[in-house]
Q: 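A single structure is presented below for examination.
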Amino acid sequence: PGGLTQILSMQIEASQPQEVAFNRRVLSVVPDGDRYSVEAEIHSPPHWLARGLYSTGRYQPEHGQSIVKRDFDAVIMAISAADVLRVHGLPGALGSRNVASLKKVLYDSRLSVAFMLSPKLTSALESLFADGQAELDFECGSRTCSEGILGLLAWQDRKARAYDGCTVVVVHSTRLFAKDNLQKARQDRQREEERGLLEVARAL
């Protein structure tokens, strides 16, 4: 019932950590003997929303921010391969072979939106998703979206996921639209879903 927050809370509880801290931006991870020295900025603001770009690799705190430094036996970085290489000290800790592998990592990024529609639209959806199809691939299939926005439509009712009082369609954008939308959102200091929602809805 509590969604992802409840699941993550249960995992944290089960692991019994000595301390749990949020809103910290890692500035550096440097090997120190058989341990890792981690330096982080405390109460870090959401940088890319504040200035329109990521600041992961800047090895200095924001003005007025405090710094904390701790040593750990192991460090897990749950960020993109590109951001790993931008954190001070990490490339040296990983070694040249691992760095070369991380530089080859590519991501398939899309903007996905779930639409909860009136049951009155069911007949129209049955015509759109003809021959019992559950998905329509506009990016790799024979049919395309003229505006280059819609990449894949998934009708959840056809996947045995019926909902009371509505019919649900999940829309996935094309990879190109997602990339362009993210860049424009950063420039305009918006969230990518905030900027892209209206365009996706209009295209649908």
Side-chain angles (χ1 to χ4, degrees), residues 3-5 8 22-29 40-65 76-88 90-91 99-118 121 124-125 128-129 134-156 166-204:
L4 183 59
T5 300
L8 293 176
F22 297 95
N23 299 323
R24 294 188 179 184
R25 180 173 66 117
V26 174
L27 299 174
S28 68
V29 179
E41 179 184 84
I42 302 176
H43 303 307
S44 180
H47 292 276
W48 79 270
L49 285 178
R51 324 182 144 155
L53 36 102
Y54 288 101
S55 306
T56 307
R58 286 198 325 118
Y59 181 52
Q60 58 184 14
E62 290 295 324
H63 177 70
Q65 295 298 118
I76 299 173
M77 303 295 294
I79 57 179
S80 70
D83 282 342
V84 165
L85 299 177
R86 290 163 56 194
V87 175
H88 179 79
L90 267 184
V99 167
S101 296
L102 287 173
K103 286 181 177 179
K104 296 177 182 177
V105 173
L106 299 175
Y107 293 94
D108 181 354
S109 176
R110 299 172 187 270
L111 180 64
S112 299
V113 184
F115 289 89
M116 304 178 72
L117 307 173
S118 167
L121 295 173
L125 290 172
L128 180 63
F129 290 85
E135 296 183 347
L136 298 176
D137 189 343
F138 295 134
E139 195 165 17
C140 301
S142 57
R143 299 170 67 182
T144 60
C145 171
S146 60
E147 298 181 57
I149 295 176
L150 304 182
L152 179 78
L153 300 185
W155 191 12
Q156 300 303 308
C166 66
T167 183
V168 178
V169 174
V170 177
V171 178
H172 303 271
S173 75
T174 60
R175 286 166 289 187
L176 180 59
F177 172 81
K179 182 180 179 180
D180 291 343
N181 180 67
L182 177 58
Q183 290 176 343
K184 291 175 181 176
R186 287 178 176 177
Q187 291 170 1
D188 295 342
R189 300 181 182 182
Q190 289 181 295
R191 295 182 183 274
E192 57 180 307
E193 61 271 21
E194 177 187 1
R195 182 181 181 85
L197 176 60
L198 290 179
E199 291 194 60
V200 169
R202 180 175 52 79
L204 177 62

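Numbers here are sequence positions counted from 1. These numbers come from the heavy atoms of this one structure, side chains and all, not from hydrogens, waters or symmetry mates.
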Q: Report yes if the side chains of Glu135 and Phe129 come closer than 4.5 Å at any heavy-atom pair, otherwise no.
A: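 Glu135 does not reach Phe129 side chain to side chain.
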Q: Counting C-beta onward and ignoring hydrogens, is there a side-chain heavy-atom pair between Phe177 and Leu150 closer than 4.5 Å?
A: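 With C-beta onward as the side chain, the pair stays apart.
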Q: What distance do Ile79 atom CD1 and Arg86 atom CZ have between them, rounded to the nearest 0.5 Å?
A: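 Atom-to-atom, Ile79:CD1 and Arg86:CZ are 9.0 Å apart.
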Q: Would Arg186 and Glu192 pass as an ion pair if we require N to O under 4.0 Å?
A: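 No, this pair does not count.
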Q: Would a 4.5 Å heavy-atom cut-off, applied to side chains only, mark Leu125 and Val169 as touching?
A: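 Leu125 vs Val169: side chains touch.
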Q: Measuring only between side-chain heavy atoms, which start at C-beta, is Leu121 closer than 4.5 Å to Phe115?
A: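 Leu121 vs Phe115: side chains apart.
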Q: Is there a side-chain contact between Leu153 and Phe138, using heavy atoms and a 4.5 Å cut-off?
A: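 When only atoms from C-beta onward are counted, Phe138 and Leu153 do touch, with a gap below 4.5 Å.
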Q: Cys166 and Val168: side-chain contact (heavy atoms from CB on, under 4.5 Å), yes or no, with the steps?
A: CA-CA 7 Å; Cys166 66; Val168 178; 4.0 Å; yes
Q: Answer whether the closest heavy-atom distance between the side chains of Leu111 and Val200 falls below 4.5 Å.
A: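 Yes. Closest side-chain heavy atoms under 4.5 Å.
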Q: Determine, stepwise, if the pair Met77 / Val87 fulfils side-chain contact (heavy atoms from CB on, under 4.5 Å).
A: CA-CA 10 Å; Met77 303 295 294; Val87 175; 4.3 Å; yes
Q: Which is it for Glu147 and Arg202 under the side-chain contact (heavy atoms from CB on, under 4.5 Å) test, yes or no, and what are the steps along the way?
A: CA-CA 10 Å; Glu147 298 181 57; Arg202 180 175 52 79; 2.6 Å; yes
Q: Can Glu139 and Arg110 be said to form a side-chain contact (heavy atoms from CB on, under 4.5 Å), step by step?
A: CA-CA 12 Å; Glu139 195 165 17; Arg110 299 172 187 270; 2.4 Å; yes
